[in-house]
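Every value quoted in this text rests on a predicted model; they were computed, and no experiment measured them. Naming convention: chains lettered A, B, ... in sequence-line order (proteins, then strands); numbering from 1 in each chain.
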Amino acid sequence: MTLASAGGRLMPSYVVKENVSLDKRWVSEITPKAEDFSKWYLDVVRKAELADYGSVKGCMIIRPYGYGIWERARDLLDRRIKDSGHENAYFPLFIPESALKKEAEHVKGFAPEVAWVTRGGNEELEEPLAIRPTSEAIICPMYAKWVRSYRDLPILINQWANVVRWEKVTRPFLRTTEFLWQEGHTVHATAEEAQDETLRILEIYREFVETELAIPVVKGLKTERERFAGALQTYAIEALMTDGRALQAGTSHNLGQHFAKAFDIRFEDENQQMQYGWSTSWGVSTRLVGAIIMTHGDDSGLIVPPHVAPIQVIIVPISAGNWKETVLPHARSLLEKLRAAGIRCKLDDRDNYTPGWKFADWEMRGVPVRCEIGPKDIEKKQVVLVRRDNREKAFVPMEGLESRLTAMLEQVQDALFRKACEFRDKNTTNVDTFPVFEEMMESRPGFLRCFWCGSAECETAVKEKTSATIRVIPFGADEEKGTCVFCGKEAISRVLFAKAY
RNA sequence: CGGGGAGUGGCGCAGCCUGGUUAGCGCGCUUGCCUUGGGAGCAAGAGGUCGUCGGUUCAAAUCCGACCUCCCCGACCA
């Protein structure tokens, strides 16, 4: 319902003490979540101008606002990767077919989704070139060249790149033919070091995703079925989206010596013995933007966690009378003042929209805090702050506004995380019998913590019956004893089942 | 890749079944006036290879065929 159809203009909210109710929907472009979650997601992606479709199937255009979120996330993670001793480098987009084929499991796993270049200019290539679906096969040959002695280890390299996987079904950010990511590739002298690195990165991912994206995750080990092609072990962080489906938010692989052997990465150790290196690889992708949307968004649209928000505060001047003379200058100096305080903010000085329209517009885009400034505020030396997450309204004095705002942004960040944690916890259930499992997956999907015997047969059978898979074997879950939810045999651990994206 | 749905100004749609002047409507956009504290109002405008290619026909948005793209549901994956 639009404001107009609701019966005309409201009285100035200046005198209104109560908050606008949360379920009041000012944003009408977006399909309500409950009506059709998929449609809601796509509406948010397009209406908040995060991404748009291009002309190539499965390839999206990441628009400035969406890219801005990715950019912030990228920078925050990049800092952590560097602080933990890794360096960035860049390897080629093309992988010779012969290189891709070297690790048997790897090529088998990726074959169905590799795009190939077979022609350059007008000439057929002698050897087809794969467009990287991941870069192990182009990086490992270089590592083989660079590693001679144990003194050359460890190699700790990360790259930010695009990769291509020929997907059959695509969705913006969640699964696209081309996507952006970071991929770390390391080589170590011992199995222990490689394992430590794998888990160290997993913890960095967890801390990063929870702290900066405000998305709670569960760390754990992947089952064989879900393991990266060519890995010894795959670990992941799994998040629960608000439709009850799980999203893999990051993976860290212990590659053992598989790739070292396939690509001949060898070194001479302290005892003058030739040894194969132990390698790892790990990555997170633009899928994280999809996770942000589906974790925090509501029926009014996106909510961007302040730490990664391209715009943290939107300043909306209240236009009344000759507002360009009376209000705008104050709004401009306010903008400067907040910018100087390190707050990412923007002044919406468009003169062809009413304040109310702008409120709804920026809500849809998920800007965490709105700052209204009008004639009465100027008179009282204050502004009106409204939080996006709960629409709470506060009248705040100009004096000391910067610190109030900074604090408020942190409050929003915390509140988003807490709310997401509550949702995750509320939708994580211990289930011990299969009929209940089936019923739960059907009626109220989420994480189901169940005992599992460890057999791939049970895992597959559960998937066939319910479409749910084991997302992760959570760390520390093996202390509890029980019997497999499917076959009833003795369980190795409780595991986390869910329908996955 | 299987099953289903859709493609018509920027967005959302009608028109198609039953071919026939200038392809409509709402929102948005432009200009002006007037407004502006939760998506204002009035007036005047601009904007279309009807997804693409081919076929049938005197005539195609409309009928036929192929292809492309998007969406939903499944099988495969960050």
Side-chain angles (χ1 to χ4, degrees), chain A residues 1-6 8-16 19-21 24-29 31 36-39 41-43 46-47 52-60 109-113 133-134 163-183 222 225-226 228-229 234 236-238 247-251 253 282-288 290-291 300 316-324 327 350-364 370 372-377 383-384 386 391 393 395 463-464 467 469 500-501:
Chain A
M1 184 191 288
T2 65
L3 185 58
S5 64
R9 191 159 304 154
L10 297 183
M11 291 302 289
S13 73
Y14 178 72
V15 294
V16 176
N19 300 321
V20 176
S21 88
K24 177 78 183 169
R25 295 191 69 248
W26 300 107
V27 177
S28 53
E29 285 100 321
T31 306
D36 184 340
F37 191 86
S38 291
K39 199 159 191 304
Y41 177 80
L42 292 167
D43 282 348
R46 300 197 68 181
K47 298 294 163 56
D52 205 348
Y53 297 108
S55 50
V56 180
K57 181 178 162 66
C59 295
M60 64 172 174
F110 278 104
E113 40 185 319
T134 175
V163 288
V164 167
R165 296 183 187 177
W166 215 254
E167 299 287 353
K168 302 192 169 149
V169 176
T170 60
R171 306 183 80 185
F173 293 110
L174 299 176
R175 175 160 302 110
T176 48
T177 300
E178 178 188 14
F179 58 93
L180 306 182
W181 75 346
Q182 82 28 241
E183 48 179 326
K222 285 284 184 182
R225 189 179 198 287
E226 304 275 322
F228 176 77
T234 286
I237 50 172
E238 289 279 332
L247 185 78
Q248 182 170 301
T251 50
H253 315 292
W282 27 275
V284 302
S285 72
T286 34
R287 172 180 267 192
L288 287 176
S300 293
V316 179
I318 301 307
S319 35
N322 56 340
W323 65 283
K324 285 189 180 174
V327 178
R350 292 177 289 182
D351 59 6
N352 53 338
Y353 293 104
T354 62
W357 195 95
K358 292 176 183 177
F359 296 169
D361 193 42
W362 292 109
E363 259 170 41
M364 191 171 72
R370 176 174 81 235
E372 304 171 17
I373 178 165
K376 307 213 167 162
D377 302 311
V383 296
V384 180
V386 182
R391 287 211 178 98
K393 187 175 279 190
F395 299 83
K463 173 159 192 181
E464 275 165 11
S467 89
T469 51
Y501 269 101

Novice: Can you see if the side chain of A/Arg165 gets near the phosphate of B/C76 - specifically, an N or O under 4.0 Å from OP1 or OP2?
Specialist: no

Novice: Using a 4.0 Å heavy-atom cut-off, does A/Gly321 contact any base of the nucleic acid, only the sugar-phosphate backbone, or nothing at all?
Specialist: base

Novice: For the C1' atoms, the ones on B/C64 and on B/G12, what distance do you get once it is rounded to whole angstrom?
Specialist: 30 Å

Novice: At 4.0 Å (heavy atoms only), tell me whether A/Gly290 reaches a base, stays on the sugar-phosphate, or touches nothing.
Specialist: nothing

Novice: Using a 4.0 Å heavy-atom cut-off, does A/Arg171 contact any base of the nucleic acid, only the sugar-phosphate backbone, or nothing at all?
Specialist: sugar-phosphate

Novice: In whole Å, what separates the P atom of B/C63 from that of B/U21?
Specialist: 16 Å

Novice: When the C1' atoms of B/A14 and B/A6 are compared, how many Å lie between them, rounded to an integer?
Specialist: 15 Å

Novice: Below 6.0 angstrom between ring centroids: does that apply to A/Tyr353 and A/Phe359?
Specialist: no

Novice: Taking OP1 and OP2 of B/C71, is either one under 4.0 Å from a side-chain nitrogen or oxygen of A/Tyr53?
Specialist: yes

Novice: Heavy atoms from C-beta onward define the side chain here; which of B/A75, B/G37, B/C76 lies closest to that of A/Val169?
Specialist: B/A75

Novice: So what's B/C63 paired with, Watson-Crick or G-U wobble, going by both distances under 3.5 Å?
Specialist: B/G55

Novice: Using purine N1 to pyrimidine N3 plus N6-O4 or O6-N4 for Watson-Crick, or N1-O2 and O6-N3 for G-U wobble, each under 3.5 Å, what pairs with B/C25?
Specialist: B/G12

Novice: Across the strands shown, which category fits A/Lys463 at heavy-atom distances under 4.0 angstrom: base, sugar-phosphate, nothing?
Specialist: sugar-phosphate

Novice: Within the structure shown, what part of the strands sits under 4.0 Å from A/Thr176 by heavy-atom distance: base, sugar-phosphate, or nothing?
Specialist: base

Novice: Over all strands shown, is A/Glu167 touching base, sugar-phosphate only, or nothing at heavy-atom distances under 4.0 angstrom?
Specialist: base

Novice: Return whichever of A/Tyr353 or A/Asn322 has its heavy-atom-nearest nucleotide of RNA chain B closer to the 5' end.
Specialist: A/Tyr353

Novice: Considering every strand shown, what is the Watson-Crick or G-U wobble mate of B/A44 when both distances are under 3.5 Å?
Specialist: B/U30

Novice: Sort out the partner of B/U18 for me: Watson-Crick or G-U wobble, both distances under 3.5 Å, none otherwise.
Specialist: none

Novice: Could you check whether A/Lys57 gets within reach of a base, just the sugar-phosphate, or nothing at all, counting any heavy atom under 4.0 Å?
Specialist: sugar-phosphate

Novice: So does A/Pro133 get a backbone contact from the side chain of A/Arg165, meaning a donor-acceptor N/O pair under 3.5 Å?
Specialist: yes

Novice: When we call it a touch if two heavy atoms are under 4.0 Å apart, what does A/Leu247 touch: a base, just sugar-phosphate, or nothing?
Specialist: nothing

Novice: Just to be sure I understand the rule, does A/Thr354 reach a base, reach only the sugar-phosphate, or reach nothing, if contact means heavy atoms closer than 4.0 Å?
Specialist: base

Novice: Touch check for A/Gly374, heavy atoms < 4.0 angstrom, all strands: base, sugar-phosphate only, or nothing?
Specialist: base

Novice: What distance do A/Thr286 atom OG1 and A/Trp181 atom CH2 have between them, rounded to the nearest 0.5 Å?
Specialist: 10.5 Å

Novice: Taking atom P of B/A78 as reference, at what distance in whole Å does atom NE2 of A/His253 sit?
Specialist: 7 Å

